[in-house]
Amino acid sequence: MSAVIDGGATPALVVPSVDVAPESQPVGWRHRHLLDVDGLTRADLELVMHTADAMREVLARPIAKVPALRGRNVTILFYEASTRTRVSFEVAAKNLSADVVNIAAASSSVTKGESLVDTVRTVEALGAQMLVMRHGVSGAPYLAAEVFGGAVLNGGDGWHAHPTQALLDLYTMRSRLGDGGSIGVEGRKVVILGDVLHSRVARSNIWSLTAAGADLWLCGPPTLLRGFDAWASRGAAAGRRFTVTSDVDAALRDAEVVMALRIQRERMASGLLPSLREYAARYGLTRERLGHARPDALVMHPGPMNEGVEIAPDVAIGAQSVITDQVTNGVAIRMALLYLLAGVHAAGSSDA
Amino acid sequence: MSAVIDGGATPALVVPSVDVAPESQPVGWRHRHLLDVDGLTRADLELVMHTADAMREVLARPIAKVPALRGRNVTILFYEASTRTRVSFEVAAKNLSADVVNIAAASSSVTKGESLVDTVRTVEALGAQMLVMRHGVSGAPYLAAEVFGGAVLNGGDGWHAHPTQALLDLYTMRSRLGDGGSIGVEGRKVVILGDVLHSRVARSNIWSLTAAGADLWLCGPPTLLRGFDAWASRGAAAGRRFTVTSDVDAALRDAEVVMALRIQRERMASGLLPSLREYAARYGLTRERLGHARPDALVMHPGPMNEGVEIAPDVAIGAQSVITDQVTNGVAIRMALLYLLAGVHAAGSSDA
Amino acid sequence: MSAVIDGGATPALVVPSVDVAPESQPVGWRHRHLLDVDGLTRADLELVMHTADAMREVLARPIAKVPALRGRNVTILFYEASTRTRVSFEVAAKNLSADVVNIAAASSSVTKGESLVDTVRTVEALGAQMLVMRHGVSGAPYLAAEVFGGAVLNGGDGWHAHPTQALLDLYTMRSRLGDGGSIGVEGRKVVILGDVLHSRVARSNIWSLTAAGADLWLCGPPTLLRGFDAWASRGAAAGRRFTVTSDVDAALRDAEVVMALRIQRERMASGLLPSLREYAARYGLTRERLGHARPDALVMHPGPMNEGVEIAPDVAIGAQSVITDQVTNGVAIRMALLYLLAGVHAAGSSDA
C-alpha cells in the first residue's frame, strides 16, 4: 500500500510501497533518467527522500531485500575506478532483487576503441534495462541517454555532476536537521570546503542545496574557486543564497553543516596548490577550526578521505561526523532512484 | 512440453521446452562441448536455431528468466578483454538462473604462471559445471575439454574459432531470410569483408555458412586473405560454394548479406596494411559500395566497430544494419547452447 | 535438526543442520572472526570438520545450494591477485544463498590512497555483514577486525597466516587418514617441503597440525627455514612435535603426508635461491624422492603449482595426489566457516 503524506508547504505526496514492483501503483515520478539534480523540482526531492525512508526501513530488516525489481537487468558501466559508488549501486540493485552486470571499462572492449554510443547500444542489446554510468568526460551520460532505451543513472561525469551523491548528502542532512515532513535545510548555513573547481560533488550539491533553500557557502583557495563567483551572482539574482569566499573563518562561523572535499594530489603538479601541507594548514578541517561552527554542526565528506589533509583524523571519526551515515544513506537513495526510474519505464509513459 | 517440428528437408526436430530443466525431457543433442562449428550437423544447427527461438520468446517476457539451470555453476574464464561476449554469456546464464563466476585471467593466479590444465582442473574442483573460455592461443579450449568434466564453450581462441559468434550470425540471417522452418541461407550470396586472415569470426562462419549452403565470398586485401584460396579449393571439391577475391565490387555485386570485419590497428605495424585511411578508401563498407549489393542486403559486424574504417557510420546504423540484432540474438543463442549442453551432462550419456 | 556426535577423546559435539539459518539452533562456536588458526581449540577444529562434512553432503546434491545465509552480504575485498581462494569464497557464499560483492582493491578507490580502516568502515556502511579479506601486509585483517562490526575472515595476509587453507588441509588429511570421529593426524608424520620462510600457508599449518597432534617436519634450503628452529624449540617445550631440517631424505622417510610449497621466482632475485633448476634437483618432489615416504603417503600442494620445480608433473597428478580434493574441500570448509561465523553474529552473543 502506498501512503499519502502531507508535505507541509509542498503538495501531498504519494510514497510508494517499495515491497512490490513500481509499475503496480501510481507514483508521481516522471523523469526517464537521472543525469543531474538541476531538473528536479522540490516535489521530486521530497519524493526521493520519502522513498529513501522506505528503503532505510528495508535495510533495517533481518533480510534486507525486496522483490520489487526481480529479473530486471541493471548494468553498471564504469570508465573510472570506484569502490563506494560502484558497490553502492550494486548493493542497492541486489537489495531490490535485480540482476547486476558489472563492466569495468578499462578491462573491456572499450579499450579496443569502440565509441561510447556503440557501447551503449551494445549494452542495451545485451539486455540492460537500467544503465549506471561513470565517465571521465563531462556530459557523457547525456549522450548515453540519447541512445539508451531504458533509464540512465549518472554515477559521476568528469567535473560536471554526481547527482546521487548530492541526493544522499541532502538526505543525510534532512535525517539530522529535518522533521521528516520537510527537508530541513531551509535557511541553514551549509559550507562546502576545499577543491570546488574540480568537484562534481560540489556542482551537484550547489544545485540541490540552493533549491532546497540552504544558505550555501563555498570556501577554498582562490585558485580552486575560479568561476564560482559568477555562478553565485546569477544564483543570488534568482533568489538563491550562495556565497563564495576564501576566508575559512568567515565561512565556518555558525555553520550547521561542513562538507570537506577531497584534495587530489595531481592538483599540485598543475600548480594550483603549493603543497598538501600548506593546504592542510590553511583549509584543513581541524577540531580547532570546526570550533567556529555551531557545536552540533554536521561534518560530512564524500570520500575517499585524505586524512590529515582536507580533514583531521579526529574530526573524521568524531561525534559530529556523519560520514559513514552518508555511505549507508547512499544505498537507500540509490534503491529509491532505481525504484522510481524503473516505474517510469515499466509504465511506459513519461516525459524526457 | 517439448514440441515436434517438421523441418522440411531435415528430419523432424524435437524442440525442448526451455522453462524446465533440460534433463527432464528428451532432446536430440549429443555434443559434450562447443569448441567450433565444424562438427555440427545440419540437424544440430536446426536444433540450436529452434531452441534459440524459444529463448527469444523468454527474452520478450516482462521477467526474462526461466529456472532451467537453477543452482548450476557457469564459470566464465577469459584470458582476453571482452565486453560483449563475456557479458552476453553472463546474461544468458543468469537468464537461465545459473550461478555465474567471472574470472578475468589477467588479474588472477594465472599471472603466477599456473598451467592452463591446472587452472581448468582447479576451476572444476571449485564447482564449475560449465566453462566458458576465451584464450589467445588457438586450440586452448580443446586442451581444456580434455581435462574438464563438464561442458566447455569456446568464447574465442586465437585466430581459430568463435563458434557462438558464427551461430548467432547464422541465426540472425535465418531470422531475416529464412521461413522459420529452414535456415534460409541456402544459395544466398554472403560476403565476409575485411581482415579474414586474423579473424576467428571469419573461420567459424566459413564452416557454418558453407555447411548451411550459402554462396560464400571472402573479400579483402590480398595480404589478409593468404591461405584461404587453398581452403576454398578444398571446399569446392567437397561441394561447398566458396569464393576468395580482392575485387570488392565483384564480391558485393548482388550480395544478400555483407559482414564487415574489424580492422585491428596492430596490423599496420606488421606491414600487412599501409594505412587505415587507405583500407577505408579501398575496402570500407560505405553507402556507395553497399549500393552494389541487393537493395535489401543485410549489413552485419561482429563488433566492436571502428566506424569510418571498415564500416561507415551511416551504414552501421542504417536501415539495412542488423548489428544490434546480432547482439541480442547472441544472448538467445548462448542461452540455447548452455541449455542444450547442460542437458547432455545432466543426462550423463553423450558422445565426445 | 542438529545432531550430537560423540567425538571420542573430545567432548560431545553439536553439529549444526546446515539447511537452515545458523541462528535458529544452538551451535558451540564462539569466535567473531577467523584471523588465524592459533586461537582454535581442539573442539573448535572438530566442529569445523563436522560442519564441513555437512557441507560436502550439500555439494553432492544435484542443486548444491542451501538457503542458510539468504540475503546476507558477503564482501570479498582482495588486495592481491587470486583465483582459487577468491572464487572458493565466492562459490561457498553463493552455495549458502548469500549475496556476494567482489572488490579487487587494485581497481578501486584504494588506489586513491584511502586508509584500510576507512575502507573497512565504508564497506560495512555499504552493507557488508561478512568481510573476506586478502592483504599483502601481515596483520591487516586484525586491524580490519577492530573496526568491522561483522565477521572478518582472513583470506591470507602477507607471510603471516592463511587459516582457511590450513583448515582445508587438515580436513583433507582427516578425510583420508581419520575415522570420521577423530581428525586422524595424531602421531602421523607430516612434511611441509619448500619455501617455508615466505609462506603464510606453512605458518598456519604449523599451528593447526601441531595442535592436532601431528609429527610435523619442515624441510627446505637453510635460507628458507631461517627462524623456524627457534619456533620448533618452543613448540617442543610445549609438548608439540616439530622438526626442522634441510635433509630431504630424512624428512621424507616414512612420511604419511608430503605438502610441497610453491617456489616464487622472485626469491632468486633476492639471492635466497641459486636457481629454480638447482632447487628442483635438490628439493623438488619427484617420484623417486616420494619413494622414501610410505607407499600410501598423501601428496598435497596449496596451488598454484610450478610443475617441474617444487613438484614433478607425474607426482602432481599421480594416484597419491589429493591436490584437487584440497580445492573442493576448500569450498566445503569456507561454507562451514561462513555458516559458523554468521551464527555468532546473528545470535549477538560471542567473545572476541
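Model, not experiment: these values are computed from the prediction. Below, each value reflects all heavy atoms present in this structure, side chains not excepted, and no hydrogens, waters or symmetry copies. Every chain is numbered from 1, with letters handed out A, B, ... down the list of sequences.
Annotation: the span from C/His301 atom NE2 to B/Asp118 atom CG amounts to 9.0 Å, rounded to 0.5 Å. For the atom pair CG of B/Leu126 and CZ of C/Arg84, the computed distance is 7.5 Å after rounding to the nearest 0.5 Å. A distance of 9.5 Å separates CZ in B/Arg121 from CD1 in C/Ile323, rounded to the nearest 0.5 Å.
Contacts of C/Ile317 with chain B are made by side-chain atoms alone, with heavy-atom separations under 4.5 Å and no backbone atom involved. For chain B, no part of C/Arg61 is nearby; none of its heavy atoms comes within less than 4.5 Å. For B/Val147, no part lies under 4.5 angstrom from a heavy atom of chain C.
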List the steps, then state whether side-chain contact (heavy atoms from CB on, under 4.5 Å) holds for B/Glu124 with C/Thr324.
-> CA-CA 9 Å; B/Glu124 180 171 0; C/Thr324 55; over 6 Å; no

In sequence, state the C-alpha distance, the side-chain angles, and the governing distance for B/Ile103 and C/Val87, and then conclude on side-chain contact (heavy atoms from CB on, under 4.5 Å).
-> CA-CA 8 Å; B/Ile103 304 176; C/Val87 172; 3.8 Å; yes

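When every heavy atom of C/Val91 is checked against every heavy atom of B/Asn73, the shortest pair comes out as CG2-ND2, 3.8 Å.
Between B/Thr122 and C/Thr83 the shortest side-chain heavy-atom distance does not fall below 4.5 Å.
Side chain of C/Thr328 to main chain of B/Ala125: a donor-acceptor pair is present (N/O by atom type, distance under 3.5 Å, no hydrogens or angles). At distances below 3.5 Å, not a single donor-acceptor pair connects side-chain atoms of C/Lys65 with backbone N or O atoms of B/Arg70.
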